[in-house]
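Chain naming here is simple, since letters A, B, ... match the order of the sequence lines and numbering starts at 1 in each.
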Amino acid sequence: MKHKIEDLIRQAIHILVENDTLDASMAPDIQVTRTKDASHGDFASNIALTLAKAAGRPPRDLAQAICDALPDDAELDKTEIAGPGFINFFVSADISQNVIKMILAQGEDFGRSSIGAGKKIQLEFVSANPTGPLHVGHGRGAAYGASVASLMRAAGFDVDCEYYVNDAGRQMNILAVSIWIRYLQEHDIDIPFPSNGYKSDAYIFDIARKLKQDHDGAFVFKTEEVMHDIHPDEPAEDGDKELHIDGLIERAQNLLGEAAYLIIFNAGLDSILADIRDDLEDFGVHYENWYSEKSLGQRDLINTAVEQLQAAGHIYEHKGALWFKSTDFGDEKDRVVIRDNGQATYFASDIAYHMDKFQRGYERVINIWGADHHGYVPRVKAAIRALGEDENKLDILLVQFAILYRGGERVQMSTRSGSFVTLRELREEVGNDAARFFYVMRKCEQHMDFDLDLAKSQSNDNPVYYIQYAHARVCSVLNQLKEKNLQHDIEKGNSHLAQLTESHETELITKLATYPDVLEKAAINAEPHSLVHYLRELANLFHTYYNAHQFIVEDDAIRDARLNLIRATRQVIHNGLSLLGVSSPESM
RNA sequence: GCGCCCGUAGCUCAGUUGGAUAGAGUGUUGGCCUCCGAAGCCAAAGGUCGGUGGUUCAAAUCCACUCGGGCGCGCCA
């Protein structure tokens, strides 16, 4: 309809050009938008306002001229000139009502489109270090990423979701050592726990006990063997937690040997990663790929990437390390890729990882990162350009933190201190539906206050229930119908849609008709929150209608038509909620 | 110090490729169940869109400056 109106305006302007009212050199940018206010009709155009100056005529005059030149169209009831010179278009009622038939016929497919044209998109999100369970901060990225993936699929994109598993690097070694020391303590070996280790985390004890169960004393060493010549830990005089833990990592690797160390390392990695997978799966967040950081090294991709940068002349040596000259590509300073000890940095892995993403043939790569990584964006973009790839294919979306409050106080979250609130705890407390919904209620770049007490104690007031209630109410009405031994004849309803003339009905119908537009925009802009707001408004119109009118009435024709309308409403609510990973219960 | 994000009703937030009288929720106040679910509906009240200047037919939206709040600036990951 929108495109049709644009076309009509184009024809009108063409006529005005021919009779010299307008100059042909003006290339009008025809904008037709849906109106916010029903009194302004269904669609509006500002064309007269934008052309007025160039045409040297008052906007309202020009609007009148355009209206006069508009070809007649059966689908339009009337046009009006309003305000400073807007042209408002009123779509005829039977055309609007057609959307009900369409919704009922298309069912779950209503709103889906093919604008994505099957383009291959990669969406990477969460990618939290497998050093502990996901916490509430990760939940926002998970809910947001999964919703964006659903939206984009509904818009016809071919989306792969990926989790980048940071299974290499120092943090993982600290994890392995933490497990080993708990394991030694389980064997009554007296060793102080490093202050920089994963100290008070229950899962470390669990993994250590499992290790004891499976391997008994295979990895036991005496206190003296483990601790001699290790740099003192932090609380002590001259203590340094970093040197201390690094010493322990090296000692573990030397004493245990590669094979045994790997067993402990993997015991931690596998256990924690399995937990993360389960957690996400239970949260309705599904991944096509779990991509291992370690595999980059095993496939020599890191060296390949560095060599490629070197060959292109973007690498130099300084103080024994290899640096990427990222300042040539807009970064604020150059970055080390190979340390003076010969080890690659995390950034080097990431360059290789992104190189591989591009080589896997995605037309667009989207990274969803926590906002604390924003400083990292320029260097990754720099690397991509330096590798000769198109940086515009990479979008990095930054999700701001969800700040938790409990008892009016900010909850400190840190995997290291062990005082975090896990995603699993949150899900159990407020439920998956409320959690998924709450996380995407706000646009991602907005800081979010997440009041745990409120989410828990007043979960009945959650907007998600308001929307679900509208869905359940429709189901309830249809049940009532059965109890009264009445049938709902959808065909008959479709043929009597013209009976839906109440203002509550036309408003609801108009709202239903905008669903595909909302979906398309939400998908393209990666903004699930706009769908949330739409669903709330839709539910509100339904509840209002429900209170104002009786659906199960004597008159068959009106009854069937109204039931078609509320059935269509239920369908759209269901479609929208399922894209957000929220259930649509039939009763509550 | 430099960079990124945010500032809209008492509170939490929509609205920003410039459009008509700036909108919701929540809270406050007052109404609505002999009637399909009151987890609902209706009404009232609540605003210098942080501030100043600029751009134009039109600015919450764009530009400059400025004031607040958050975050980031490792040969950590």
Side-chain angles (χ1 to χ4, degrees), chain A residues 29 31 33 35-37 39-40 44-46 48-50 52-53 58-59 82-86 88 127-129 131 166 168-172 174 242 293 318-323 332-333 335-350 370-378 398-401 403 441-451 454 458-470 472-481 483-484 525 529-530 532-534 536-537 539-540 542-553 559 562-563 566 587-588:
Chain A
D29 173 27
Q31 295 175 37
T33 52
T35 54
K36 286 186 221 162
D37 187 332
S39 69
H40 296 146
S45 180
N46 61 354
L49 290 164
T50 57
K53 199 171 188 184
F86 292 101
N88 294 334
S127 299
N129 283 354
T131 52
N166 298 128
R170 185 161 172 266
Q171 289 307 322
M172 287 307 293
I174 293 175
E242 306 293 347
E293 180 190 355
H318 178 64
K319 289 188 188 169
L322 290 185
W323 297 68
E332 59 185 9
K333 56 204 269 194
R335 310 290 174 177
V336 171
V337 284
I338 306 291
R339 288 191 270 259
D340 56 7
N341 64 8
Q343 283 185 336
T345 58
Y346 176 80
F347 179 46
S349 301
D350 229 11
D372 54 333
H373 287 74
H374 68 254
Y376 201 72
V377 174
L398 299 171
V399 178
Q400 293 290 336
F401 282 137
I403 302 163
M441 262 172 63
R442 309 207 176 126
K443 58 183 175 200
C444 69
E445 64 264 33
Q446 179 69 256
H447 299 265
M448 183 163 82
D449 289 346
F450 204 128
D451 188 330
L454 194 74
Q458 301 192 1
S459 59
N460 281 354
D461 293 334
N462 279 341
V464 64
Y465 289 98
Y466 181 84
I467 296 166
Q468 288 178 321
Y469 181 44
R473 255 187 164 173
V474 176
C475 297
S476 175
V477 170
L478 295 173
N479 286 335
Q480 280 291 321
L481 194 69
E483 284 178 22
K484 293 183 178 173
N525 297 331
H529 77 276
S530 57
V532 169
H533 287 277
Y534 169 84
R536 222 236 155 244
E537 288 158 13
N540 175 246
F542 169 76
H543 286 308
T544 300
Y545 179 36
Y546 180 95
N547 274 273
H549 298 283
Q550 197 76 12
F551 306 144
I552 302 176
V553 291
R559 187 177 67 232
R562 288 185 173 173
L563 292 175
I566 66 167
S587 67
M588 301 170 63

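- With its glycosidic angle within 90° of 0, C33(B) adopts the syn conformation.
- As judged by a 4.0 angstrom heavy-atom cut-off over every strand, Thr50(A) is placed among the base-contacting residues.
- Asn46(A) comes within contact range of at least one nucleobase, with a heavy-atom separation under 4.0 Å.
- RNA chain B contains the following stems of three or more consecutive Watson-Crick or G-U pairs, with both distances under 3.5 Å: B:1-7 with B:67-73, B:10-13 with B:23-26, B:28-32 with B:40-44, B:50-54 with B:62-66.
- Look at CE on Met441(A): it is 12 Å from P on G15(B), rounded to the nearest Å.
- In this entry the distance linking CD of Gln400(A) with C1' of U12(B) reads 17 Å, nearest Å.
- Looking at His374(A), its side chain does come within 3.5 Å of a backbone N or O of Ala371(A) through a donor-acceptor pair.
- Using a 4.0 Å cut-off, some side-chain N or O of Arg339(A) falls inside it from OP1 or OP2 of C76(B).
- Rounded to whole Å, atom C1' of U8(B) lies 11 Å from atom CD of Gln446(A).
- A distance-only check finds a donor-acceptor pair linking the side chain of His543(A) to the backbone of Tyr466(A) [under 3.5 Å].
- The 5' end of RNA chain B is approached more closely, in terms of each residue's nearest nucleotide, by His529(A) than by the other of His529(A) and Trp323(A).
- Between Arg335(A) and the phosphate of G74(B), there is no side-chain N or O to OP1/OP2 separation shorter than 4.0 Å.
- In terms of modelled atom types and a separation under 3.5 Å, the side chain of Thr544(A) and the main chain of Asn540(A) share a donor-acceptor contact.
- Of the possible polar contacts, none joining the Asn462(A) side chain to the Val464(A) backbone as a donor-acceptor pair under 3.5 Å is found.
- The residue Ala168(A) sits close only to the backbone: its heavy atoms come under 4.0 Å of sugar-phosphate atoms, none of a base.
- For the pair Gln468(A) and A39(B), the criterion of a side-chain N or O lying under 4.0 Å from OP1 or OP2 is not met.
- Rounded to a whole Å, the CG atom of Leu49(A) is 11 Å from the P atom of A20(B).
- For the pair Arg339(A)/Thr345(A), a side-chain contact is recorded, criterion being any heavy-atom separation below 4.5 Å from C-beta on.
- Using a 4.0 Å heavy-atom cutoff across all strands shown, Gln343(A) reaches no nucleic acid atom at all.
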Scan nucleotides 30-32 of chain B against the protein and return all N/O pairs shorter than 3.5 Å with their distances rounded to 0.1 Å.
none

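- A donor and an acceptor atom never sit less than 3.5 Å apart when one is taken from the side chain of His373(A) and the other from the base of G72(B).
- The closest side-chain heavy-atom distance from Phe86(A) to His40(A) is not below 4.5 Å.
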Original post:
Do Leu563(A) and Val477(A) pass the side chain to side chain contact (heavy atoms under 4.5 Å, CB included) test, and can you show the C-alpha distance, the side-chain angles, and the key distance before you say yes or no?
Top reply: CA-CA 9 Å; Leu563(A) 292 175; Val477(A) 170; 4.0 Å; yes

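- Remark: C1' of C36(B) and CG of Leu563(A) are 10 Å apart, rounded to the nearest angstrom.
- Residue Tyr376(A) is in base contact, counting any heavy-atom pair closer than 4.0 Å across all strands shown.
- For C13(B), the OP1/OP2 oxygens have a side-chain nitrogen or oxygen of Arg442(A) closer than 4.0 Å.
- Here Glu332(A) lies in heavy-atom contact (under 4.0 Å) with sugar-phosphate atoms only.
- Nucleic acid contact for Ser587(A): base, since at least one base atom lies under 4.0 Å from a heavy atom of the residue.
- The phosphate of G15(B) (OP1 or OP2) has a side-chain N or O of Lys443(A) nearer than 4.0 angstrom.
- When the C1' atom of G15(B) is taken as reference, atom CZ of Arg536(A) falls 16 Å away, rounded to whole Å.
- Ring geometry for Tyr376(A) versus Phe347(A): interplanar angle over 60°, hence perpendicular rather than tilted (30 to 60°).
- Residue Asp372(A) is in sugar-phosphate contact alone, with no base atom involved, counting any heavy-atom pair closer than 4.0 Å across all strands shown.
- Not a single ring-ring contact (aromatic ring centres under 6.0 Å, His included) links Tyr346(A) to another residue, sequence neighbours left out.
- Residue Asn525(A) is classed as having no contact, given no heavy-atom separation below 4.0 Å to the nucleic acid.
- At the heavy-atom level, Thr544(A) lies under 4.0 Å from the strands shown only through sugar-phosphate atoms.
- Within 4.0 Å of Asn540(A), counting heavy atoms only, lie sugar-phosphate atoms of the nucleic acid but no base atom.
- The residue His374(A) sits close to a base: some heavy atom pair falls under 4.0 Å.
- Side-chain atoms of Arg559(A) come within 3.5 Å of backbone N or O of Val553(A) as a donor-acceptor pair.
- U52(B) and C13(B): their P atoms are spaced 25 Å apart (whole Å).
- Between the CZ atom of Arg170(A) and the P atom of C75(B) there is a distance of 13 Å, given to the nearest Å.
- Of the candidate nucleotides C41(B), A14(B), G74(B), C41(B) has the atom nearest to the side chain of His543(A).
- Not one N or O on the side chain of Arg335(A) forms a donor-acceptor pair closer than 3.5 Å with the backbone of Ala348(A).
- Map Glu445(A) and Phe86(A) each onto its nearest nucleotide of RNA chain B; the residue landing nearer the 5' end is Glu445(A).
- Look at NZ on Lys484(A): it is 6 Å from C1' on C36(B), rounded to the nearest Å.
- Using bins of under 30°, 30° to 60° and over 60° for the plane-to-plane angle, the ring pair Tyr546(A)/Phe542(A) lands in the tilted bin.
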